[in-house]
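In this text, all values refer to a predicted model and were calculated from it rather than measured experimentally. So that the names make sense, note that chain A is the first sequence line, chain B the second, and so on, each numbered from 1.
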Protein chains: 2
Amino acid sequence: MEHLFRYAEKLSDMTLSEKEKEMISSAFKPKKLRKRQYFLQEGDVCKFVGFIIKGATRMYSVDQKGNEHILRFSIEEWWVGDSESYTDLVPSKYNIDAVEDTEMLVTTFALMQPLMAEIPAIAKMIRTMDQRSYIASQRRMHASITMTAEERYDDFYGSYPQLLQRFPQGMIASYLGISPETLSRIRKNAGVKP
Amino acid sequence: MEHLFRYAEKLSDMTLSEKEKEMISSAFKPKKLRKRQYFLQEGDVCKFVGFIIKGATRMYSVDQKGNEHILRFSIEEWWVGDSESYTDLVPSKYNIDAVEDTEMLVTTFALMQPLMAEIPAIAKMIRTMDQRSYIASQRRMHASITMTAEERYDDFYGSYPQLLQRFPQGMIASYLGISPETLSRIRKNAGVKP
DNA sequence: CTGTTTTCTTGATATTTATCAACAGCATTA
DNA sequence: TAATGCTGTTGATAAATATCAAGAAAACAG
């Protein structure tokens, strides 16, 4: 639970009182996911959010041809869940599963509400997270519109080196919106560069 | 100013008191932009946010070859500004200009803070906006990764018919990340469909 | 360790989309 | 009205990327 406290204090730039920490503790429960286990399946409404203590997950959709398209990776200190589904209480279009054995702290949106209302640090943390997510997704969109496959890979390489080491190459390709073969060739050529 | 009050009440699902309305009024100023006039130029820190009463703007970047890439359209009841720039007080990578003569209400981030802190409806409105923006950008990212140019156009056509009528076709192409020629051909073939 | 499955690589080919170039249609303005 | 510029169209060609197929390498399970 300490991980979460530290994260909230860091993002909010505020200190949590003991009482606040207790409130938070009682809202969250530890949960473990084995590798390949689902956190959310397409068609279900996402009712839980998770904060990763250890491990890695991905969120992806599956198209008619059965191809997977990864929208989001999460590792330690990142949040997991489909905000589109839980905000509007709508069945999710995505799956979330564990890429490694994963430990997280989970809560429901119902339990999260009072925390946001009564703990200023939590409210601020959420707001900061929302802002950062939006900025990150705007950046990604910009990359997607303006760059070639190779430039997107280089950009990803520069922005998220930790993720590169953590997820198999085929998943990175899916995240970047290119085929695994193309990514393999890009990486081969990369060494040749100046 | 009434437009803004109605918008805040709608998004927050709360009512604004007269006093709150006065606070808001004193923080915002009307501003007009002529067609083609800049609201923000690349390299400047974005210090203002605008709420469009009438008109249309776009936010875009310009690459080394001089090609413009549109990241965002805004029309009536939408907000204008570069959150990446104002959140981190960093020079913007984007330009924002008016596509039509535009009337907006503008404020600074400094003036916005107290409103958010003291007017619950404003805080809630911002939070709702952030959520919606994030969900919209996640959707767009998904479209970008998953779909062909033609599918992305159809998706846009279904999601934002108002924008289609409002912005020239070349700008739509830029927003979708395809060349104007390709969009022209897609539209030609569209009629042939079942 | 050894077989089995998953992931990555490589080549050949097909498809999608961009680029370049020319021109037509319209609107704006001088 | 003539001139100018902006927007969209079309054709020819080139470049980027996907797909298909096969095999190599690495990871995993018993």
Side-chain angles (χ1 to χ4, degrees), chain A residues 33-37 55-56 58 60 62-70 73 97-102 143-157 163-193, chain B residues 34-37 56 58 60-70 73 97-101 143-157 163-193:
Chain A
L33 287 183
R34 288 269 171 71
K35 185 172 176 174
R36 296 189 164 274
Q37 190 180 340
R58 62 180 178 149
Y60 61 100
V62 181
D63 66 21
Q64 306 90 332
K65 292 184 192 161
N67 297 319
E68 297 176 351
H69 302 278
I70 298 184
F73 292 125
D97 67 15
V99 178
E100 307 171 358
D101 289 349
T102 298
S144 171
I145 287 182
T146 48
M147 302 179 184
T148 65
E150 179 155 7
E151 289 166 338
R152 292 205 301 282
Y153 174 74
D154 291 343
D155 183 53
F156 184 82
Y157 182 89
L163 300 186
L164 214 51
Q165 294 154 1
R166 205 81 179 257
F167 293 90
Q169 192 171 309
M171 290 192 191
I172 307 284
S174 170
Y175 180 91
L176 294 173
I178 60 186
S179 69
E181 294 93 335
T182 297
L183 181 54
S184 173
R185 291 184 244 261
I186 285 171
R187 283 171 51 97
K188 199 171 91 175
N189 295 338
V192 181
K193 277 190 216 165
Chain B
R34 288 269 171 72
K35 186 172 175 174
R36 300 195 160 270
Q37 190 181 340
R58 61 178 179 151
Y60 62 98
S61 69
V62 182
D63 65 22
Q64 307 89 333
K65 293 183 191 160
N67 296 320
E68 297 176 352
H69 302 278
I70 297 183
F73 291 125
D97 68 14
V99 177
E100 307 170 358
D101 290 349
S144 171
I145 286 183
T146 322
M147 302 178 184
T148 64
E150 180 157 7
E151 288 166 338
R152 291 205 301 282
Y153 174 73
D154 290 344
D155 182 54
F156 184 82
Y157 182 88
L163 300 185
L164 213 52
Q165 294 154 0
R166 204 81 180 256
F167 293 90
Q169 190 171 312
M171 290 193 190
I172 307 284
S174 170
Y175 180 90
L176 294 173
I178 60 187
S179 69
E181 293 94 336
T182 297
L183 182 54
S184 172
R185 290 185 244 262
I186 285 172
R187 283 171 53 97
K188 199 171 89 175
N189 295 340
V192 181
K193 276 190 216 165

What is the per-nucleotide protein-contact pattern of nucleotides 16-26 of chain C, from the 5' end, where B denotes a base atom under 4.0 Å from a protein heavy atom, S denotes such proximity for sugar-phosphate atoms only, and - denotes neither?
-SSBBB-----
From the options D/dT9, D/dT7, C/dT7, select the nucleotide whose nearest atom is closest to the side chain of A/Arg36.
C/dT7
Nearest heavy-atom pair of B/His69 and B/Ser174: which atoms, and what distance?
CA-OG, 3.3 Å
Is B/Met171 close to B/Tyr60 at the side-chain level, that is, under 4.5 Å between some pair of heavy atoms?
no
Value in whole Å for how far the C1' atom of D/dG8 lies from OH of B/Tyr153:
13 Å
Residue pair A/Ala56 / A/Thr102: nearest heavy atoms and the distance that separates them
N-OG1, 3.1 Å
Heavy-atom pair of closest approach, residues B/Ala149 and B/Ile178
CB-CG2, 3.6 Å
Ring centres under 6.0 angstrom apart (A/Phe156, A/Tyr175):
yes
So which heavy atom on B/Val99 is nearest to which on B/Pro168, and how close?
CG1-CD, 4.4 Å
Closest heavy-atom pair, A/Glu68 versus A/Arg58, reported as atoms and distance to 0.1 Å, is OE1-NH1, 2.8 Å
Rounded to whole Å, CZ of B/Phe167 lies from P of D/dC6 at a distance of 19 Å
Take nucleotides 25-30 of chain D nucleotide by nucleotide from the 5' end and write B, S or -, depending on whether a protein heavy atom sits under 4.0 Å from the base, only from the sugar-phosphate, or from neither.
---S--
Kindly say whether B/Gln37 contributes a backbone atom to a donor-acceptor pair with the side chain of B/Asp97 at under 3.5 angstrom?
no
Could you tell me how far apart B/Arg187 (CZ) and D/dT9 (C1') are, to the nearest whole angstrom?
11 Å
Can you tell me the distance, in whole Å, between the CD atom of A/Glu151 and the C1' atom of D/dT17?
14 Å
Kindly say if B/Lys188 contacts the phosphate of D/dT10, meaning a side-chain N or O under 4.0 Å from OP1 or OP2.
yes
